[in-house]
Chemist: 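Below you will find the structure I want to go over with you.
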There are 2 protein chains.
Amino acid sequence: MPKQAEGSGHRAAPVHVDPVDVSLLTALSAVADPVRIRLIRELAGSAAWTRSCGSFDVPVGKAALSHHFAVLRGAGLVEQRDEGPRRVNRLRREEFDARFPGLLALILGDDAAD
Amino acid sequence: MPKQAEGSGHRAAPVHVDPVDVSLLTALSAVADPVRIRLIRELAGSAAWTRSCGSFDVPVGKAALSHHFAVLRGAGLVEQRDEGPRRVNRLRREEFDARFPGLLALILGDDAAD
DNA sequence: GAGACTGTATGATGTTCATCGAACACTCGG
DNA sequence: CCGAGTGTTCGATGAACATCATACAGTCTC
């Protein structure tokens with residue numbers, strides 16, 4: 001088999017939503033969850049495309065984790081790319097902040113969500 | 001009976017929470033609801049202490065409405081005072097904005113929540 | 001005081017949603 | 001080709017919550 005670094009695998013590509021097309025209610029609902037807040041914070045503390053979905057320290061199983069990432073994608077907060085067997089993530093900082101100014105800063109700045 | 005303008009009626013006074021003592025998750029959850037967003041917006045468009053609870057244009061009954069105001073109080077977003085038979089409201093703009101900078105602006109600035 | 005008005009409390013109902021277990025799909029290394 | 005690793009999907013379960021109808025507690029006017 002050729003090299004085929006990444007990106008053209010025939011696995012179902014993750015569905016992305018541009019932050020511009022996200023409603024305020026969707027964004028707030030996505031962000032009003034303790035697990036997802038932890039994911040966002042941990043993701044913000046790492047370089048883009050360096051964290052796979054399973055590398056996050058959250059107290060939920062694989063299924064729930066996959067669900068949370070789907071919600072974050074649907075809110076335009078996270079972008080995903082398939083890299084071999086794993087799916088790596090990127091926080092859409094600029095784009096999301098342009099659509100909802102200050103919201104991301106609020107989540108990242110506040111210490112302890114609950 | 002004496003004059004007794006307001007404030008000393010022996011009805012159960014509403015329980016208020018200072019925005020400083022509100023967690024980020026509580027604030028986000030309170031704000032991630034279409035009815036409460038409408039309440040906040042309508043309240044922001046009126047002068048303080050001029051709107052009673054029943055004067056808001058939301059498609060829910062009295063009981064649900066009372067519940068929503070309790071949630072807003074619990075998030076430090078609204079202050080209430082008894083004025084004769086009705087309970088008038090005030091949006092705690094400065095206090096809430098000091099605790100969660102930009103969040104209120106986001107809700108008031110965005111057109112159409114959903 | 002009787003009655004209208006305003007808001008809260010209670011109990012029940014229905015929906016949404018976070019979670020899990022198990023099955024499935026894909027990738028990569030022996 | 002098999003097996004380990006990674007992530008998604010499906011069905012089911014349980015909890016949280018938004019809503020309503022009813023009953024109750026105040027305030028005000030006549």
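Each chain gets a letter, A, B and so on, in the order its sequence line appears, and its residues count up from 1.
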Chemist: Taking only heavy atoms on the protein side, list every residue of residues 46-59 of chain B lying under 4.0 Å from any atom of DNA chain C, sorted numerically.
Modeler: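 Within residues 46-59 of chain B, the residues near DNA chain C are Ser52(B), Cys53(B), Gly54(B).
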
Chemist: Any residue in residues 60-68 of chain A with a heavy atom nearer than 4.0 angstrom to DNA chain D? Just list them by number, or reply none.
Modeler: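 Output list: Lys62(A), Ala63(A), Ser66(A).
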
Chemist: At less than 4.0 Å, is any side-chain N or O atom of Arg36(A) found next to OP1 or OP2 of dA18(C)? Yes or no.
Modeler: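 Answer yes for this pair, as a side-chain N or O of Arg36(A) is under 4.0 Å from OP1 or OP2.
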
Chemist: Answer yes or no: does a side-chain N or O of Arg87(B) lie under 4.0 Å from OP1 or OP2 of dT27(D)?
Modeler: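 Result: no.
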
Chemist: What's the CG-P distance between Asp82(B) and dA25(D), to the nearest Å?
Modeler: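 The distance from CG of Asp82(B) to P of dA25(D) comes to 17 Å, rounded to the nearest Å.
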
Chemist: May I have the distance from Arg81(B) (atom CZ) to dG7(C) (atom C1'), rounded to whole angstrom?
Modeler: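 In whole Å, dG7(C) C1' lies 17 Å from Arg81(B) CZ.
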
Chemist: Applying ring-ring contact (aromatic ring centres under 6.0 Å, His included), which residue pairs with at least one partner in residues 18-67 of chain B are found, sequence neighbours left out?
Modeler: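 For residues 18-67 of chain B: Phe56(B)-Phe69(B).
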
Chemist: Nearest whole Å is fine: how far is dA16(D) C1' from Asp33(B) CG?
Modeler: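 My rounded result for the distance is 13 Å.
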
Chemist: Taking the side chain from Arg51(B) and the backbone from Leu43(B), do they hold a donor-acceptor pair closer than 3.5 Å?
Modeler: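 Side chain of Arg51(B) to backbone of Leu43(B): no pair is present.
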
Chemist: From the list dT8(D), dG5(D), dT27(D), which nucleotide is the closest neighbour of the side chain of Pro85(A)?
Modeler: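 The answer is dG5(D).
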
Chemist: Quick one, Gln80(A) and Cys53(A) - any side-chain contact, counting heavy atoms below 4.5 Å?
Modeler: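 They are in side-chain contact.
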
Chemist: Using whole Å, report how far CG of Leu25(A) lies from P of dA18(D).
Modeler: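 Taking CG of Leu25(A) and P of dA18(D), I get 12 Å after rounding.
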
Chemist: May I ask you to test the Arg99(B)-Asp110(A) pair for a side-chain heavy-atom distance under 4.5 Å?
Modeler: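 Result yes, sub-4.5 Å side-chain heavy-atom pair found.
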
Chemist: Expressed as a whole number of angstroms, how long is the span from Arg73(B):CZ to dG7(C):C1'?
Modeler: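 Checked: the CZ to C1' distance equals 11 Å.
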
Chemist: Could you state the interatomic distance from CG (Leu72(B)) to CG (Asn89(B)), rounded to the nearest 0.5 Å?
Modeler: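 If we round to the nearest 0.5 Å, Leu72(B):CG and Asn89(B):CG are 9.0 Å apart.
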
Chemist: Using every non-hydrogen atom in the two residues, find where Ile107(A) and Leu24(B) come nearest and quote the distance to one decimal.
Modeler: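 For Ile107(A) versus Leu24(B), the nearest heavy atoms are CA-CD2, 4.0 Å.
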
Chemist: So which atom in Val78(A) and which in His16(A) form the shortest heavy-atom distance, rounded to 0.1 Å?
Modeler: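 So the minimum-distance heavy-atom pair works out to O-CD2, 3.8 Å.
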
Chemist: Counting C-beta onward and ignoring hydrogens, is there a side-chain heavy-atom pair between Arg38(B) and Pro59(B) closer than 4.5 Å?
Modeler: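 Yes; the side chains approach each other to less than 4.5 Å.
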
Chemist: Would you say the side chain of Asp33(B) lies within less than 4.5 Å of the side chain of Leu39(B), judging by non-hydrogen atoms?
Modeler: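 In short, these two side chains do not touch, never coming nearer than 4.5 Å.
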
Chemist: Starting at atom CD of Gln80(A), determine the distance to atom P of dG7(D), rounded to an integer number of angstrom.
Modeler: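 Rounded to whole Å, this separation is 9 Å.
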
